[in-house]
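What follows is a short report on a single structure.
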Number of protein chains: 4
Amino acid sequence: MFELDLRSRKPIYEQLVEKLKQLIINDVLKQDEKLPSVRMLAQQLSINPNTIQKAYRELETQGYIYSVKGKGSFVNHMVITENTEELKRIKEELRKKLAEAFFIGITLEELEELIEEVKQQIARGEQDDSNK
Amino acid sequence: MFELDLRSRKPIYEQLVEKLKQLIINDVLKQDEKLPSVRMLAQQLSINPNTIQKAYRELETQGYIYSVKGKGSFVNHMVITENTEELKRIKEELRKKLAEAFFIGITLEELEELIEEVKQQIARGEQDDSNK
Amino acid sequence: MFELDLRSRKPIYEQLVEKLKQLIINDVLKQDEKLPSVRMLAQQLSINPNTIQKAYRELETQGYIYSVKGKGSFVNHMVITENTEELKRIKEELRKKLAEAFFIGITLEELEELIEEVKQQIARGEQDDSNK
Amino acid sequence: MFELDLRSRKPIYEQLVEKLKQLIINDVLKQDEKLPSVRMLAQQLSINPNTIQKAYRELETQGYIYSVKGKGSFVNHMVITENTEELKRIKEELRKKLAEAFFIGITLEELEELIEEVKQQIARGEQDDSNK
DNA sequence: GTGGTCTAGACCACA
DNA sequence: GTGGTCTAGACCACT
């Protein structure tokens, strides 16, 4: 399920954060759905529980999930988050990636195409949501 | 000339590598042109020479420059990078960031604005640093 | 009647303790009045009875209620709390939070607004939960 | 210098975060001043370095300090932070403390007094800053 | 020597 | 069983 690169220069917990974000954004993990428990996931990935914790905590501060002692960790409603700070952060990251892309020679057509793809993907996710 | 962000989480040597790459790719530094000597640059930027060294070494292994003992470092004849592979990678990363941005609630207007900004920035030949 | 925030980082039993304390202090629950039974309340709030138990036990050790085997829990004759000590503590905490707020750039207008809000909320007899 | 309560229910790292925030806010630690290194502080307080790290990291995400690998951790310029998200968080916390204070019976006079005290304290801090 | 990541293992608080 | 904190100790990346 998760493919982690233990040799990568990118820390394991950051890889985890990214993967989980993707799952949430792509609506694989729905609102209020329970994430795998820290220990379970740790065992599954044969990784130290502390490392999982660190990832979950990061996701929590970024507003993607919330954790309840004794119960587990759950996907957050993004509506509630109203995440101005996070938006700023993401926009900055996006700005960099766009610069890279233009620099390496992406065309405006390719960019428009990409945006269209993503929009449709999100739209699909939102539809799935309606049955909640 | 170089604007390094000492506070950035991105290591200084990496910032240097990026800056120099961009200068090379933008043809500000021409083929076979001599790069500033390690000591000069170190003094100019008031940075440890070792850090410059590391950046130059990195650029060498990545094929952007070559060093001649006792003479200095020089810009390599760049192979027009087989950017298909690289482009694909960047596009994939861009797709993810776009999905994140939409998910967190970026508006199309904001996105257009961002793209416009980046286009102008590229036009001016600028670039950015700083990292998450 | 009770609004518990299951997502809050503050444990449910603590939320319960606070709510009940306020009800007692506000004289909504009168002296010697019987509290709802553990099972009833548990069912009503769809919460584990153990959690209610823990809250009641806590209230008992804090002197707010007393329990009679086989009969239930009852509101204690409240000692008019020696609030001088408590007031001092709260004021100190408030001082710190105010300093933080000013430091981070709260304006006097925002502060006045906040105070006004809280005053009205108190007037309405409300209260809040959720914790950092 | 630091008085930590190892028995407290409040985690050590949170106590550390609070103490350090206070030092920063009260201008005991000036802008760009170097904080004690993780290991040093750990030794001084006879606490595990990881715990200090956790505190420093929290302060970093809250925008109070910034850390540079190989150099150390430093007090941030608050101007740069423009911390809308943090302001929101602090305001919420302040709201709760105000509610507590009113509830326990603080008078408006006492509150005004408190605010005046804090304002003067901040004013003093800013004057000290002018020699920077 | 600096911050940062990770592990193994223990213990606590909560439901 | 769940999340959360803490320790001891190792190793890495950067300056």
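Keep in mind that the numbers below use all heavy atoms, side chains included, and drop hydrogens, waters and symmetry copies. Letters A, B, ... mirror the listed sequences (proteins, then strands); counts begin at 1.
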Yes or no on side chain to side chain contact (heavy atoms under 4.5 Å, CB included) for B:I47 and B:L41, after CA distance, side-chain angles and deciding distance?
CA-CA 8 Å; B:I47 273 183; B:L41 199 50; over 6 Å; no
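A close approach under 4.0 Å does not occur between any side-chain nitrogen or oxygen of A:S67 and OP1 or OP2 of F:dG3. Between A:S37 and F:dG1 there is no side-chain polar atom (N or O) within less than 4.0 angstrom of OP1 or OP2.
Of the charged side-chain nitrogens involved, none lies within less than 4.0 Å of a carboxylate oxygen, so that D:K96 and D:E93 do not count as a salt-bridged pair. Using a cutoff of 4.0 Å between basic side-chain nitrogens and carboxylate oxygens, C:R89 and C:E92 are not scored as salt-bridged.
We find that CD1 of A:I65 is positioned 15 Å from P of F:dT2, with the value rounded to whole Å. Rounding to whole angstrom units, CD of residue B:Q15 and C1' of F:dC14 are separated by 12 Å. Atom C1' of nucleotide E:dT2 and atom CG of D:L35 are separated by 13 Å, given to the nearest angstrom. Here the P atom of nucleotide E:dT2 and the OH atom of D:Y56 are 11 Å apart, to the nearest Å. Taking atom CD on A:E58 and atom C1' on F:dG4, their separation rounds to 16 Å, with Å as the unit. Going from atom CG of D:L59 over to atom C1' of E:dG3 covers 14 Å, rounded to whole Å.
A search for side chain to side chain donor-acceptor pair (under 3.5 Å) contacts involving C:S73 returns C:S67, not counting sequence neighbours. Legend: residues meeting side-chain contact (heavy atoms from CB on, under 4.5 Å) with D:E18, ordered by chain and number and at least two apart, are D:K10. In this structure, the ring-ring contact (aromatic ring centres under 6.0 Å, His included) partners of A:F74, at least two apart in sequence or on a different chain, are A:Y66. For A:R7, there are no salt bridge (charged side-chain N to carboxylate O under 4.0 Å, His left out) partners at least two apart in sequence or on another chain.
At most 12 non-hydrogen atoms from other residues, nucleotides or ligands lie less than 6.0 angstrom from CD of C:Q43.
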What does the 5'-to-3' dot-bracket notation of DNA chain F look like when only Watson-Crick and G-U wobble pairs under 3.5 Å count, and pairs to other strands show as |?
||||||||||||||.
Between protein and nucleotides 5-15 of chain E, map the contacts as a letter string: B base, S sugar-phosphate only, - none, heavy atoms under 4.0 Å, written 5' to 3'.
BBBBB---SBS
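The shortest side-chain heavy-atom distance between D:Y56 and D:P36 falls under the 4.5 Å cut-off.
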